[in-house]
Amino acid sequence: MVFLGAPGAGKGTQARILQEHYGYRQISTGDLLRENLRLGTHLGEDADGYMSRGELVPDRLIVDMVKGALPESSVPVIFDGFPRTIPQARTLDTMLQEREGAVPRAICFRVDLSDAEKRMLGRGRDDDTRQTVARRFAVFEEHRQSLEAYYNRARDVRFFEIDASQPVDRVTAQLLRVLGLDGVRPTTS
Ligand code: AMP
């Protein structure tokens, strides 16, 4: 499944909870890029400027990186922060069709941008400055409608919305309901 929603909506927090307790694998393009920056790889060097300006890293780089990060097909994956553009969404559909003959569900995290900004400025990441945050919201808005429309097509019921302004445990409860996992006991590992 894919997690859609503004930067700071809590997608990463929820993806980590589902990874930790419900057998999903989180693939966060932001985390993968930051890891590449830290290790000083070519990809990290290429992505650095875009990330520090709050712009999107080019689709080609992102898609190659995601392909390299896919686990074997029996593991359910949460794509967190991906796709962010229509070409990325199309490529993901193709990739998953080939891999497992299925297309992903989309979970849309709804949150007021003022709440999301507060969360981001509280977490202290390098690209969480007031200026970059404003640019990242603008970039998010540019792509939001078309991405939501891509997943929310009339005959294609794979789009779910959750209220992400609530506290973490409430958002998790909504997610579990949407996924049909309420009542399933979390693992502790
Ligand atoms: P995030 O951790 O998801 O907020 O991503 C941090 C930064 O990484 C973004 O501001 C973009 O510069 C870059 N990034 C992460 N995911 C993508 C993606 N799917 N497409 C393009 N750029 C991305």
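Note: hydrogens, waters and symmetry copies are ignored here, and every other heavy atom, side chains too, is used.
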Enquirer: Could you tell me which non-hydrogen atom of P104 sits nearest to which non-hydrogen atom of D93, and how far apart they are?
Expert: CD-OD1, 3.2 Å
Enquirer: Are the side chains of C108 and I162 in touch, meaning some heavy atoms are under 4.5 Å apart?
Expert: no
Enquirer: What is the minimum heavy-atom distance between L92 and P83, and which atoms define it?
Expert: CD2-CD, 4.2 Å
Enquirer: What pairs of residues pass the side-chain hydrogen bond (donor to acceptor under 3.5 Å, both in side chains) test when at least one of them lies in residues 42-57, not counting sequence neighbours?
Expert: E55-R135
Enquirer: Is any side-chain heavy atom of Q14 closer than 4.5 Å to a side-chain heavy atom of T172?
Expert: yes
Enquirer: Decide whether F109 and L113 are clustered together by the hydrophobic rule: side chain heavy atoms of Ile, Leu, Val, Met, Phe, Trp, Tyr closer than 4.5 Å, transitively.
Expert: no
Enquirer: Is the shortest distance from a Lys or Arg side-chain nitrogen in E148 or R144 to a carboxylate oxygen in the other one below 4.0 Å?
Expert: yes
Enquirer: Give, for atom CE of M95 and atom CZ of R90, the distance between the pair rounded to the nearest 0.5 Å.
Expert: 15.0 Å
Enquirer: Is there side-chain contact between R130 and V133, with at least one heavy-atom pair below 4.5 Å?
Expert: no
Enquirer: Report yes or no: is the cationic atom of R153 (NZ for Lys, CZ for Arg) closer than 6.0 Å to the six-membered ring centre of Y150, at no more than 45° off its axis?
Expert: yes
Enquirer: Any side-chain heavy atom of I62 within less than 4.5 Å of one from L33?
Expert: yes
Enquirer: Not counting sequence neighbours, list each pair that qualifies as a side-chain hydrogen bond (donor to acceptor under 3.5 Å, both in side chains) and has a residue in residues 56-74.
Expert: D59-T85, D59-Q88
Enquirer: For the pair R34 and D31, find out whether any cationic side-chain nitrogen is under 4.0 Å from an anionic carboxylate oxygen.
Expert: yes
Enquirer: Quick check on the 6.0 Å ring-centre criterion: do F79 and F3 meet it?
Expert: no
Enquirer: When you measure from the side chain of K11 to the backbone N and O of G81, does any donor-acceptor pair fall under 3.5 Å?
Expert: no
Enquirer: Please report the interatomic distance CD(Q145) to CG(L147), rounded to the nearest 0.5 Å.
Expert: 11.0 Å
Enquirer: Which distance, rounded to the nearest 0.5 Å, do you find between the CD of Q26 and the CD1 of I78?
Expert: 7.0 Å
Enquirer: Dump the intermediate steps for salt bridge (charged side-chain N to carboxylate O under 4.0 Å, His left out) on E117 and R136, then the final yes or no.
Expert: CA-CA 10 Å; E117 181 177 30; R136 281 153 68 204; over 6 Å; no
Enquirer: In terms of hydrophobic clustering (I, L, V, M, F, W, Y; side-chain heavy atoms under 4.5 Å; direct or indirect links), are M51 and V63 co-clustered?
Expert: no
Enquirer: Do you know the tightest heavy-atom contact between I86 and S146?
Expert: CD1-O, 3.5 Å
Enquirer: Measure the OG-CZ distance between S165 and R119 for me, rounded to the nearest 0.5 Å.
Expert: 7.5 Å
Enquirer: Quick one: does V66's side chain get under 4.5 Å of T29's, heavy atoms only?
Expert: yes
Enquirer: More than 12 heavy atoms of other residues, nucleotides or ligands under 6.0 Å from CZ of R123: yes or no?
Expert: yes
Enquirer: Please name all residues satisfying side-chain contact (heavy atoms from CB on, under 4.5 Å) with L32, sequence neighbours left out, ordered by chain then number.
Expert: I27, M65, A69
Enquirer: For A9 and A164, work out which heavy atoms get closest and say how close.
Expert: O-CB, 3.5 Å
Enquirer: Tell me whether D163 is salt-bridged to R177, with the criterion being a basic N under 4.0 Å from an acidic carboxylate O.
Expert: no
Enquirer: Do any pairs count as a ring pair (Phe, Tyr, Trp, His ring centres under 6.0 Å) and have a residue in residues 125-149, sequence neighbours left out, and if so which ones?
Expert: none
Enquirer: Are the side chain of T41 and the backbone of L37 linked by a donor-acceptor contact shorter than 3.5 Å?
Expert: no
Enquirer: Which atoms form the tightest heavy-atom contact between V178 and R105, and what is the distance?
Expert: O-NH1, 4.4 Å
Enquirer: How far apart are the closest heavy atoms of V111 and A116, and which atoms are they?
Expert: CG1-CB, 4.1 Å
Enquirer: Which Ile, Leu, Val, Met, Phe, Trp or Tyr residues join V168 in one cluster when any pair of side-chain heavy atoms under 4.5 Å counts as a link?
Expert: I17
Enquirer: Within the structure provided, determine whether V75 and Y24 are in side-chain contact (heavy-atom separation under 4.5 Å).
Expert: no
Enquirer: I'd like to know if the side chain of T129 pairs up with that of T132 as donor and acceptor (distance under 3.5 Å, no hydrogens or angles considered).
Expert: yes
Enquirer: Are L18 and L175 packed together at the side-chain level, in the sense that at least one heavy-atom pair is separated by less than 4.5 angstrom?
Expert: yes
Enquirer: Linking directly or through intermediates, with side-chain heavy atoms under 4.5 Å: list the remaining ILVMFWY members grouped with L56, chain and number order.
Expert: V139
Enquirer: Are more than 12 heavy atoms from other residues, nucleotides or ligands located less than 6.0 Å from atom CG of D169?
Expert: yes
Enquirer: So do L181 and Y22 actually touch side chain to side chain, heavy atoms under 4.5 Å?
Expert: yes
Enquirer: Measuring from N152:CG to E161:CD, what's the distance to the nearest 0.5 Å?
Expert: 7.0 Å
Enquirer: Look at the side chain of R25 and the backbone N and O of P71, then say whether any donor-acceptor pair between them is shorter than 3.5 Å.
Expert: no
Enquirer: What do you reckon, is CZ of R99 surrounded by more than 12 foreign heavy atoms closer than 6.0 Å?
Expert: yes
